[in-house]
Peer 1: 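Below is a structure I'd like to ask you about.
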Amino acid sequence: MPEIVIIGAGISGAAAACRLARAGHDVLLLDRYAPAAMASGWTLAGVRCSGRHPAELPLAQAAVTEWQTLHEDLGADLFYRREGNLRLARTPDEVAVIRDMVADQTAAGLELSFIEGKDVQEIAPAVSPSVLAASWCPGDGHADPHASVAAFIEAAVRAGAQTSWGEEVTGLDVEHGRITGVTTTTRSIPCERVILAAGVFADKLLAPLGLSLPYLLRVVTVVRSEPLPERILAPVIGVANADCAGRQEIGGQWRASTGVGPWDGNYDDSTGKPEIRPTLASVRDVIDRFGTVIPAFSSARIQSVWTGIIDTTPDALPVLDTPQAVEGLAVGAGFSGHGFCLGPVTGRILAALATGDPVDHDLAPFRLARFEGWNGRAEALTLHG
Ligand SMILES: Cc1cc2nc3c(=O)[nH]c(=O)nc-3n(C[C@H](O)[C@H](O)[C@H](O)COP(=O)(O)OP(=O)(O)OC[C@H]3O[C@@H](n4cnc5c(N)ncnc54)[C@H](O)[C@@H]3O)c2cc1C
């Protein structure tokens with residue numbers, strides 16, 4: 001019988017399992033599908049502080065610090081590279097947006113600069129000369145998502161964590177306001193504490209407890225190319241209005257996406273993981289938009305395409321909390337398209353919340369209760385990538 005059940009083997013749950021197992025806790029990490037089967041596999045895996053909300057910036061800064069030595073800690077190559085982030089302005093209106101963002105973030109203490117004209121190609125020759133300006137954050141970077149999640153899980157297992165894949169949690173068991181276990185598709189598992197890190201499905205397990213996590217679920221199409229013979233782009237690329245993003249992986253593949261679009265709620269998981277087939281129009285959208293700012297992208301050969309789901313909360317900030325109504329429950333969800341970078345820190349926070357240990361960060365902006373009575377739509381702009 002585990003002491004703590006962690007629901008979801010994305011980067012959040014995997015990192016929490018690693019920290020808890022290493023601290024000597026008896027942990028079971030469960031996933032309905034498999035590790036990184038959802039957002040942590042669909043992601044662009046940008047690791048950035050730039051473009052963050054001020055409330056989230058300290059978490060991102062701590063995460064970027066941790067990413068730099070995480071491969072040593074986990075004993076695995078995470079393909080992390082600190083090669084910077086360029087957020088591009090393609091029109092005069094976007095130049096104003098980027099200029100304001102740089103001013104705000106510089107004031108918040110981030111090393112970030114505003115660059116114009118040929119200075120953009122000085123940093124990244126692959127960027128089209130049609131780009132007018134950009135923010136440049138040299139401390140940002142990227143990592144390989146599947147390798148990173150696997151490394152956390154392998155470290156957790158080495159420290160004694162148990163895992164179970166293909167097992168869906170169908171309900172949280174609560175008696176007298178306290179977690180007593182979880183019910184899955186195959187069994188009942190008694191436990192003292194639960195970490196809910198179930199990504200876009202987290203709300204389904206909270207709703208029966210009377211807890212509401214309002215997010216708008218939208219889709220993003222991602223195109224991954226075959227490897228180019230050489231790497232011609234090191235930084236991660238975003239744009240001012242977030243209608244595309246992308247990067248070139250260490251192995252030479254492009255990984256680029258659209259902005260967010262509507263989702264009808266349908267998916268197919270008959271292959272053992274959830275899939276939404278991208279529309280041809282969305283694939284064309286990636287090629288048009290990303291290909292306009294990185295011309296070499298359009299001539300690469302497509303290796304795979306997929307649709308990812310993004311969970312945007314009303315303020316585009318996550319929930320990292322232990323809701324008062326249910327003792328023994330810690331929630332990490334609603335990362336609004338930028339939770340991969342935070343993973344190492346999210347894992348530490350969720351582990352501390354589950355055990356009652358002190359947390360090194362101010363979690364007031366991430367309380368679930370901030371959405372009490374919310375009945376609107378989540379419209380905050382979310383910058384993925
Ligand atoms: C296209 C795209 C691009 C992105 N780009 C970036 C980026 O560049 N940088 C960045 O920082 N972030 C990015 N993000 C966001 C980031 O990927 C996510 O915020 C992050 O991966 C969330 O991790 P997680 O572990 O919380 O959730 P997930 O990775 O979604 O993991 C949740 C897991 O829970 C499991 N699960 C769900 N319900 C149940 C259940 N009932 N029982 C058991 N298991 C269950 C699922 O199978 C899944 O494996 C992007 C996201 C997308 C979709």
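These values consider heavy atoms only, across backbone and side chains, with no hydrogens, waters or symmetry-generated copies. One-based numbering, in listed order, for ligands and for the atoms of each. On a predicted model such as this, the values are computed, not experimentally measured, just so you know.
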Peer 1: Does R284 CZ have over 12 foreign heavy atoms under 6.0 Å away?
Peer 2: no
Peer 1: Heavy-atom distance to atom 35 (C) of ligand 1: which of D311, D31, V260 wins?
Peer 2: D31
Peer 1: What part of T346 sits under 4.0 Å from ligand 1 if we count only heavy atoms: the side chain, the backbone, both or neither?
Peer 2: neither
Peer 1: V222 heavy atoms, cut-off 4.0 Å: which ligand 1 atoms fall inside?
Peer 2: 1 (C)
Peer 1: Provide the closest heavy-atom pair for A197 versus S12 in the form atom of the first, atom of the second, distance.
Peer 2: CB-CB, 4.1 Å
Peer 1: Considering the heavy atoms of C341, write down every atom of ligand 1 situated less than 4.0 Å from one of them.
Peer 2: 10 (C), 11 (O)
Peer 1: Taking side-chain contact (heavy atoms from CB on, under 4.5 Å) as the test, write out the residues that go with E154, two or more places apart.
Peer 2: A150, R158
Peer 1: Could you pull out the closest heavy-atom pair between S135 and I98, with the gap in Å?
Peer 2: N-CG2, 3.4 Å
Peer 1: For ligand 1, indicate whether the residue A197 contacts it via side chain, backbone, both or neither (heavy-atom separation under 4.0 Å).
Peer 2: backbone
Peer 1: So, E327 and R193, do they make that salt bridge, N to O below 4.0 Å?
Peer 2: no
Peer 1: Does a sphere of radius 6.0 Å around CD in Q121 hold more than 12 heavy atoms from other residues, nucleotides or ligands, not counting ones at 6.0 Å or beyond?
Peer 2: yes
Peer 1: Backbone or side chain, does any N or O of L44 fall under 3.5 Å from an N or O of ligand 1?
Peer 2: yes
Peer 1: Give the atom numbers and elements of ligand 1 that come within less than 4.0 Å of a heavy atom of S12.
Peer 2: 23 (O), 24 (P), 25 (O), 26 (O)
Peer 1: ring-ring contact (aromatic ring centres under 6.0 Å, His included): which pairs involve residues 47-91, sequence neighbours left out?
Peer 2: W67-Y80, W67-F340
Peer 1: Would you indicate whether the side-chain heavy atoms of D243 and R90 approach each other to under 4.5 Å?
Peer 2: yes
Peer 1: Pick from T170, L30, V5: which one makes a side chain to side chain contact (heavy atoms under 4.5 Å, CB included) with T184?
Peer 2: L30
Peer 1: Should you measure from each heavy atom of L205, which atoms of ligand 1 turn up under 4.0 Å away?
Peer 2: 41 (N)
Peer 1: If you measure every N or O of W42 against every N or O of ligand 1, does any of those distances drop under 3.5 Å?
Peer 2: no
Peer 1: Is A36 touching ligand 1 with its side chain, its backbone, both, or neither, if touching means heavy atoms under 4.0 Å apart?
Peer 2: neither
Peer 1: Using a strict cut-off of 4.0 Å, indicate which atoms of ligand 1 neighbour a heavy atom of R32.
Peer 2: 39 (C), 42 (N), 43 (C), 44 (N), 45 (C)
Peer 1: For ligand 1, which atoms sit closer than 4.0 Å to a heavy atom of I7?
Peer 2: 40 (C), 42 (N), 43 (C), 44 (N)
Peer 1: Are V236 and ligand 1 in contact, using a heavy-atom cut-off of under 4.0 Å?
Peer 2: no
Peer 1: Looking only at heavy atoms, is any part of V200 under 4.0 Å from ligand 1, and if so is it the side chain, the backbone, or both, or is it neither?
Peer 2: neither
Peer 1: With respect to G13, determine whether any N or O atom, backbone or side chain, lies less than 3.5 Å from an N or O atom of ligand 1.
Peer 2: no
Peer 1: Which is closest to atom 22 (C) of ligand 1 by heavy-atom distance: S40, G10, G343?
Peer 2: S40
Peer 1: As an exercise, identify every atom of ligand 1 less than 4.0 angstrom from a heavy atom of G46.
Peer 2: 7 (C), 8 (O), 9 (N), 10 (C), 11 (O)
Peer 1: Closer than 4.0 angstrom: is that true for some heavy atom of E167 and an atom of ligand 1?
Peer 2: yes
Peer 1: Please say which of E249, E83, R255, R81 ends up in a side-chain hydrogen bond (donor to acceptor under 3.5 Å, both in side chains) with H142.
Peer 2: E83
Peer 1: Would you name the heavy atoms of A63 and L342 that are closest together and state the gap between them?
Peer 2: CB-CA, 4.0 Å
Peer 1: Under 4.0 Å from a heavy atom of F201: which atoms of ligand 1 are those, numbered in the order shown and with their elements?
Peer 2: 37 (C), 38 (N)
Peer 1: Backbone, side chain, both or neither: what part of V220 comes under 4.0 angstrom of ligand 1, heavy atoms only?
Peer 2: side chain
Peer 1: Is R301 atom CZ crowded by more than 12 heavy atoms from other residues, nucleotides or ligands, each under 6.0 Å away?
Peer 2: no
Peer 1: Kindly confirm or rule out an N or O of A39 lying under 3.5 angstrom from an N or O of ligand 1.
Peer 2: yes
Peer 1: ring-ring contact (aromatic ring centres under 6.0 Å, His included) for F371 and F366? Distances and angles first, verdict last.
Peer 2: CA-CA 10 Å; F371 300 131; F366 312 120; over 10 Å; no
Peer 1: Any idea which of Y33, F340, F335 brings a heavy atom closest to atom 20 (C) of ligand 1?
Peer 2: F340
Peer 1: Judged by modelled atom types alone, do D93 and T91 share a side-chain donor-acceptor pair under 3.5 Å?
Peer 2: no
Peer 1: Does S257 have a heavy atom less than 4.0 Å from any atom of ligand 1?
Peer 2: no
